[in-house]
There are 4 protein chains.
Amino acid sequence: METIRIGDFSFQLDLTKPLYEQVLQQIRYSVARGEVALGTKLPSVRELAQNLKINPNTVMRAYQELDRDHLIETRRGQGTFITDNLKIVEQIRQNLAYEAARSFITAMKELGMDVHTAKSLIEEGDWT
Amino acid sequence: METIRIGDFSFQLDLTKPLYEQVLQQIRYSVARGEVALGTKLPSVRELAQNLKINPNTVMRAYQELDRDHLIETRRGQGTFITDNLKIVEQIRQNLAYEAARSFITAMKELGMDVHTAKSLIEEGDWT
Amino acid sequence: METIRIGDFSFQLDLTKPLYEQVLQQIRYSVARGEVALGTKLPSVRELAQNLKINPNTVMRAYQELDRDHLIETRRGQGTFITDNLKIVEQIRQNLAYEAARSFITAMKELGMDVHTAKSLIEEGDWT
Amino acid sequence: METIRIGDFSFQLDLTKPLYEQVLQQIRYSVARGEVALGTKLPSVRELAQNLKINPNTVMRAYQELDRDHLIETRRGQGTFITDNLKIVEQIRQNLAYEAARSFITAMKELGMDVHTAKSLIEEGDWT
DNA sequence: GTGGTCTAGACCACA
DNA sequence: GTGGTCTAGACCACT
């Protein structure tokens, strides 16, 4: 799978899965990971679409959803920017981590395994 | 969300998500959890459909996917049965657990957190 | 898969495939292979059904189809017998072999492989 | 039996056999035979259905099974494409050929004929 | 009675 | 426009 870099962002798209969701997630994770400075200007919808060779509507949809979560801000005539509110970023980072953990634990419980077993699985696995 | 019991199985359907997938998963987990004896006859397609108030085709699709994974066996004119092969069941159980762990770790890494942090999250969380 | 012997015949049933067809084929092949003497009496419908733990209707259907091919003969009040006509048996044996070869060659051609390649495949394979 | 061509594909349907299986097989063989370039877009579900005068659901089922084998890739909103992975195609071609040979040999053995006889049958037959 | 295939047609998600 | 899910209901194959 090809990696495309644009500004501080990098994208890897799997064409068989919803594109707008991948774009959205990869921006979300880039910011949460701290790779992108707060307040940074995002590439324009048209520019990103061109680079990723996807439809501008798809990029727009991704931006809209991020805007709704206040992770990015659209300023008319200026472009789209990462929020400069550190709290929001931290909040999102925590939520994503918590959600991932919670769904792991849920799956384990559905298999009749307890939290202890879950921990062992994480410890013993080779996650390179 | 209403729980429906039928034979050794219980089902909870969320009408906003693909029904056949939920049926499929819930059978898969029931067997993996060891709640259902190997070789057991599943409810007939029509019977389960009626109980869950969904279309028989939807149930059939769930059964067919499980059949392809060899977790169940369908015998025309007789019905559908859980495999009596313990190995297959164990294999599936391991795979489900491993997949859950792997996707948790992947998400953590994408947030810039390491396996150690992942473990702490599991330890400290309140997963009741 | 369990093998069941009854008289000169032996059966192996896979419950997930049409039973009447398996019974039919296995009788057909037993005779073609020359394992069963011409004129031999077949087990009664009821007896065979009992031994194979399947429905008598299923055995009956197999017998009826074999009767139509004149491989067996039903004599009222006496039972069912393998034909004593060697020609019919030879004919069926040849047909079965020819059919198998023809469908193999057809598949090969559909893959864009010629008869020569087909022969090589047979020669080189490990068919133990 | 009427042959219907559409794009690089051609279809012949026998209405007495499962349609989705025939569609599936004919696509599979077209690709294995190398008649269709890797990465090619398949006709859309609706388009193929219309041309073959069958129901879109029937076409979809064929596509879904091929997708599971990774011979094709479906991209929501974009269409369905032949895989661009040559390895998968070669693998499938080999498997199909091997399976055909294996089932031929099995049939011969069940008739009490050996591999040598099988080879002779292939050599002597008139397979035009 | 069991499962399997097919149709017609609705409604949704994605690009 | 694309594919994906679901329904209702017909008809068939097998036990």
Side-chain angles (χ1 to χ4, degrees), chain A residues 13 15-24 49 52-62 65, chain B residues 13 15-24 41-50 52-67 72-81, chain C residues 13 15-24 49 52-62 65, chain D residues 13 15-24 41-49 52-64 66-67 72-81:
Chain A
L13 295 185
L15 297 178
T16 68
K17 293 192 232 154
L19 299 177
Y20 85 94
E21 234 181 18
Q22 295 178 66
V23 172
L24 179 164
L52 299 181
K53 298 188 192 104
I54 64 180
N55 195 301
N57 290 329
T58 306
V59 175
M60 183 126 57
R61 179 159 174 196
E65 295 218 8
Chain B
L13 295 186
L15 297 180
T16 71
K17 289 188 260 175
L19 300 175
Y20 79 90
E21 242 182 13
Q22 298 177 62
V23 172
L24 178 166
K41 187 174 185 306
L42 289 159
S44 83
V45 169
R46 290 157 169 88
E47 188 188 357
L48 184 52
Q50 215 166 33
L52 299 180
K53 297 190 192 98
I54 64 181
N55 192 288
N57 287 329
T58 305
V59 174
M60 179 129 46
R61 181 160 177 193
Y63 279 16
Q64 281 176 341
E65 296 221 3
L66 290 167
D67 194 350
I72 70 180
E73 260 185 24
T74 75
R75 305 181 192 152
R76 295 227 286 214
Q78 300 176 248
T80 307
F81 301 80
Chain C
L13 296 185
L15 296 178
T16 70
K17 292 192 237 158
L19 299 177
Y20 84 96
E21 235 181 16
Q22 297 179 64
V23 171
L24 180 164
L52 299 180
K53 298 190 192 103
I54 64 180
N55 194 301
N57 290 329
T58 306
V59 174
M60 183 126 58
R61 179 158 176 197
E65 295 218 9
Chain D
L13 295 186
L15 297 180
T16 70
K17 289 188 259 175
L19 300 175
Y20 80 89
E21 242 182 12
Q22 297 177 63
V23 171
L24 178 167
K41 188 176 184 305
L42 289 159
S44 83
V45 169
R46 290 157 171 84
E47 188 188 359
L48 185 52
L52 299 181
K53 297 188 192 100
I54 63 180
N55 192 287
N57 287 329
T58 306
V59 173
M60 178 129 47
R61 182 161 175 194
Y63 279 17
Q64 282 176 340
L66 289 166
D67 194 349
I72 71 180
E73 258 186 26
T74 76
R75 305 181 193 153
R76 296 227 284 214
Q78 301 177 249
T80 308
F81 300 80

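Labels below follow one simple rule: chain letters A, B, ... track the order of the sequence lines, proteins then strands, and each chain is numbered from 1.
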What is the separation between atom [atom1] on [X] and atom [atom2] on [N], rounded to the nearest whole Å?
X	N	atom1	atom2	answer
B/L42	E/dG1	CG	P	19 Å
B/E21	F/dC6	CD	C1'	14 Å
B/K41	E/dG3	NZ	C1'	10 Å
B/L66	E/dG3	CG	P	13 Å
D/R75	F/dG1	CZ	C1'	16 Å
D/L52	E/dC6	CG	C1'	14 Å
B/Y63	E/dT5	OH	P	17 Å
B/L15	F/dT5	CG	C1'	13 Å

Item to check | Contacts of type salt bridge (charged side-chain N to carboxylate O under 4.0 Å, His left out), residue C/K17, not counting sequence neighbours | outcome: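 With neighbours one apart ignored, the set is C/D14.
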
Given [N], is OP1 or OP2 found less than 4.0 Å from the side-chain N or O atoms of [X]?
X	N	result
D/Q64	F/dT5	yes
B/S44	E/dG1	no
B/Y20	F/dC6	no
B/T74	E/dT2	no
B/R76	E/dG3	no

Item to check | D/L19 side-chain proximity, nearest of E/dT7, E/dT2, F/dC6 | outcome: E/dT7

Next on the checklist: Using a 4.0 Å heavy-atom cut-off, does B/K17 contact any base of the nucleic acid, only the sugar-phosphate backbone, or nothing at all?
Outcome noted: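 The residue B/K17 makes sugar-phosphate contact but no base contact.
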
Checklist entry - Taking DNA chain F as the partner, which of residues 53-61 of chain D come within under 4.0 angstrom of it by heavy atom? => result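 Heavy-atom contacts with DNA chain F come from D/N57, D/M60.
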
Checklist entry - With both distances kept under 3.5 Å, what pairs with F/dG9, Watson-Crick or G-U wobble? => result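 Partner of F/dG9: E/dC6.
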
Checklist entry - When only distance counts, do a donor and an acceptor, one from the side chain of B/R46 and one from the base of E/dG1, lie under 3.5 Å apart? => result no

Roughly how far, to the nearest 0.5 Å, is the [atom2] atom of [Y] from the [atom1] atom of [X]?
X	Y	atom1	atom2	result
B/I54	B/Q22	CD1	CD	9.0 Å
C/L24	C/L19	CG	CG	12.0 Å
C/L15	B/R76	CG	CZ	14.0 Å

Next on the checklist: Under the rule for side chain to side chain donor-acceptor pair (under 3.5 Å), what residues qualify as partners of D/Y20, not counting sequence neighbours?
Outcome noted: D/R61

